Protein chains: 4
Amino acid sequence: MPPPSALPRARQSRADSRLPQLLDAAAAQFAAKGYQAASIRDIVQSVGMLPGSLYCHFANKDELLAAVYAEGVRRISAAVGRALSRHTDPWDRLEAACAAHLEALLDRSAYALVVTSVTPDSVPALAATLVSLRDGYEALFVDLIADLPLPARTARRTLRLLLLGALNWTPNWYRPDGRRTPRRLAREFVQLLKAPLYQPSAHASSSAHS
Amino acid sequence: MPPPSALPRARQSRADSRLPQLLDAAAAQFAAKGYQAASIRDIVQSVGMLPGSLYCHFANKDELLAAVYAEGVRRISAAVGRALSRHTDPWDRLEAACAAHLEALLDRSAYALVVTSVTPDSVPALAATLVSLRDGYEALFVDLIADLPLPARTARRTLRLLLLGALNWTPNWYRPDGRRTPRRLAREFVQLLKAPLYQPSAHASSSAHS
Amino acid sequence: MPPPSALPRARQSRADSRLPQLLDAAAAQFAAKGYQAASIRDIVQSVGMLPGSLYCHFANKDELLAAVYAEGVRRISAAVGRALSRHTDPWDRLEAACAAHLEALLDRSAYALVVTSVTPDSVPALAATLVSLRDGYEALFVDLIADLPLPARTARRTLRLLLLGALNWTPNWYRPDGRRTPRRLAREFVQLLKAPLYQPSAHASSSAHS
Amino acid sequence: MPPPSALPRARQSRADSRLPQLLDAAAAQFAAKGYQAASIRDIVQSVGMLPGSLYCHFANKDELLAAVYAEGVRRISAAVGRALSRHTDPWDRLEAACAAHLEALLDRSAYALVVTSVTPDSVPALAATLVSLRDGYEALFVDLIADLPLPARTARRTLRLLLLGALNWTPNWYRPDGRRTPRRLAREFVQLLKAPLYQPSAHASSSAHS
DNA sequence: AATGAATGAGACTTCATTCAT
DNA sequence: AATGAATGAAGTCTCATTCAT
């Protein structure tokens, strides 16, 4: 049922700018080709605009990337935040965060992918901004790992870098596949860290291969 | 037999070919800016040549990348190979491989970095070639992990992807620092996988943080 | 009749029209950068408007220039007119005119500068208009020089072109400086010309500079 | 008689680049439209090149202007120098210099015109360079005027600025015309100044015009 | 092996201007 | 009177590449 009087018409007609589509298109192109190789022509064309029109919304290509990157961080943060709210056990929370992170990276729109695939160094003018955005997000994992009940002397920082590196690298090899979902991959990653791999007893090791 | 008095002209004219410098320069630029953003101008300029001269050595920019990439894989493979030859224990061998991998990535010239920082997808015409080069190298890790004495049912492929992902991601955050050497980082990574992180006993966990 | 209690809305809305500021800004930009290089963006921005809003006041950039130019001629004419009204001796009147001309050019707002710095040829569509505006003003000097008691056969037109050229060129080298005021400069220019031409008696002329 | 064997063929084919034509075309366009309004497209098109080809010869548009401006100064300096070498009397030398200056400005190619029509301020990045080039040329007039036998206390600097201003402004009004040649104009300008300043005897000066 | 002038395409960006609101 | 999104053309400049020398 439509609202009795379509009041926000005027406001909406201003609001329905193509800016969101523009961001989407930019995210897609940046993720697919990288920042440099994605041309403004290609980006705007996919939303039916002309190159010059981009500059109504962004001062230049760099700022467009900054906006996409920020949105990417926002989305992945939100997804991880939502996932965390459903768990209390520290290890479960870590696994849920990994799963949400991987889902954002592997399943969804291109925003999250931009965050991991665009190296800040490759855009000197933005490097500081992008690094700070990414650090803001990764602070979340600092907390998650701080909450883990780990053996004394565990190198928590290294653990975080190990885990995030593994997660962020997945787009380099992951191919969608019914069996190996992002969620299951996250479970496996965390499981490998949780469980002891080292087996002092020799025969156990040999039996593993047999 | 060459004339005794002859200056080593012929040999020298081979030796002082600027092709190696060209490759070095290309590696440096590709690693620093990415394939697209590194211009042929920049590359040749840093060895004192002119753009057209590049084409005496390579048919085009793609082939230049292919050569750098191949050399990168060759170097990192050789380094890892040398490191492996000094160990027999499976875990030691894995750690040595990781250390050599990280050293190549973080310490040395830019060749290895090109291998991890240039996404094959970003150069469609070369994608297959590059992927196959990288796979050839990573096969080494398949073997190393196959040799590990692991508990039954361990997801060895996932373990490999976890570890290589973590290693390959390091250039995104690593900053040279006397204390945290690549070698030590490799040790910590492997240690985190070897040892059990999960602690069934509740108090142990809480005491870790208290 | 407007309601007595009405705030002076109507009058104010006229008064606070930003048209005068717009003209000022345009004069400043045209004078500083030239007609072509001064962008509408820059002009409107300095009065807090948006580019589209300019077209509420002027049909296009050319008409904006025409308005500024006309105002420039009007101001300099008025200034010279005021100065003339204070003198009766022909040479004094010429010097006063030169002083007013130079003051408008060197001291004041940018309007007068637009008149001398924007070459009519650089705006073909307006060339005729601008030339005619400038000629209107320069006619004043035709009269001033016609009134001078000069030796027979003096090339009065050439004298005018010499003098106006020298005056109009001053912005190319003049730098504000306490000692060399526009007024003093006008005096010096006229003196250099007057000495020979002014002829109450022969020795006066030669002694004028000694 | 042609050389028996056209040896410098090879050398010439390198030397016959279109750089001179490029400079000529740039001078023409800059003089006709001003620096900003003259587009690179127009300039190169008039010598049958493509826009990108310009950058084989000049790093950017500014450097092209710098080259044209420098050549303009060189040409006008050379012309004035040649003219000076034919006279010894100070006033004759000044008049000859003015004639050569005006001829370069009004008759010939566009180079000289660029020097007077492109305001250094309009190209901030080049302002210092252009001003210094122009000052180098105008130093010539400093000397010429220093050599004039003038009444004591004559403001020689002002005299120079008056004269050069008048000369440089001529392109704003001069229209080629059989009777009023640049040479004759120079004579009239100098005459207007000379009469009073020139002083073999006091009555001669007053009688000169009668 | 190397040069340097030239190409042709395409890059990002700015411009004056329009128009529904 | 003013906005702001959009246009379409044009701007300068860079790119990988070619080729006669």
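All of these numbers come straight from a predicted model, not from anything done at the bench. Chain letters run A, B, ... following the sequence lines, proteins first and then strands; every chain starts at 1.
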- Task: State which residues pass side chain to side chain donor-acceptor pair (under 3.5 Å) with B:Y69; sequence neighbours excluded, sorted by chain then number.
- Result: none
- Keeping to residues at least two apart or across chains, list the salt bridge (Lys or Arg N to Asp or Glu O under 4.0 Å) pairs with something in residues 39-66 of chain A. A:K33-A:D42
- Query: Base, sugar-phosphate, or nothing for A:A38, non-hydrogen atoms under 4.0 angstrom?
  - Reply: sugar-phosphate
- Item | Strand contacts (DNA chain F) in residues 56-70 of chain D, 4.0 angstrom heavy-atom criterion | D:N60, D:K61
- Could you list by number each residue of residues 40-49 of chain C showing a heavy-atom separation from DNA chain F of less than 4.0 Å, or answer none if no residue does? C:M49
- Message: Strictly below 4.0 Å: does D:S39 bring a side-chain N or O up to OP1 or OP2 of F:dG11?
- Response: yes
- Within the structure, does a side-chain N or O atom of A:S53 lie under 4.0 Å from either OP1 or OP2 of F:dT7? yes
- Query: Tell me, which pairs form a ring pair (Phe, Tyr, Trp, His ring centres under 6.0 Å) where one or both residues lie in residues 41-66 of chain B, sequence neighbours left out?
  - Reply: none
- Message: So which atom in B:A25 and which in B:V47 form the shortest heavy-atom distance, rounded to 0.1 Å?
- Response: CB-CG1, 3.8 Å
- Message: List the residues meeting ring-ring contact (aromatic ring centres under 6.0 Å, His included) with D:Y35, not counting sequence neighbours, and say none if there are none.
- Response: D:F30
- Task: Output the residues of residues 118-129 of chain A in contact with DNA chain E, where contact means a heavy atom of the residue under 4.0 Å from an atom of the strand; sort by number or write none.
- Result: none
- Query: Would you call B:V73 and B:Y111 a side-chain contact if the rule is heavy atoms closer than 4.5 Å?
  - Reply: no
- Query: B:K33 has an atom NZ; how far is it from atom C1' of F:dT14, in whole Å?
  - Reply: 12 Å
- Query: Rounded to the nearest 0.5 Å, how far does CD1 of D:I40 lie from CG of D:L54?
  - Reply: 5.0 Å
- Counting a pair only when it is Watson-Crick or G-U and both distances are under 3.5 Å, which runs of at least 3 such pairs involve DNA chain F? E:2-21 with F:2-21
- For D:S53, which residues count as a side chain to side chain contact (heavy atoms under 4.5 Å, CB included) partner, sequence neighbours excluded? D:M49, D:L50
Anything under 3.5 Å between a donor and an acceptor, one on a side chain of residues 115-126 of chain C, the other on a protein residue two or more places apart or in another chain? List them.
{"residue": "C:T116", "atom": "OG1", "partner": "C:L113", "partner atom": "O", "Å": "3.3"}
{"residue": "C:S117", "atom": "OG", "partner": "C:L113", "partner atom": "O", "Å": "2.8"}
{"residue": "C:S122", "atom": "OG", "partner": "C:T119", "partner atom": "O", "Å": "2.6"}

- Does C:L65 reach the side chain of C:V114, with side-chain heavy atoms less than 4.5 Å apart? yes
- Message: Counting only side-chain heavy atoms from C-beta out, which of E:dC12, E:dT18, F:dT14 sits nearest to D:Y55?
- Response: F:dT14
- Contact list for residues 124-134 of chain B, test side chain to side chain donor-acceptor pair (under 3.5 Å), sequence neighbours left out: none
- Item | For C:Q36, all residues meeting side chain to side chain donor-acceptor pair (under 3.5 Å), sequence neighbours excluded | none
- Message: With rounding to the nearest 0.5 angstrom, report the CD to OG distance, C:Q29 to C:S39.
- Response: 7.0 Å
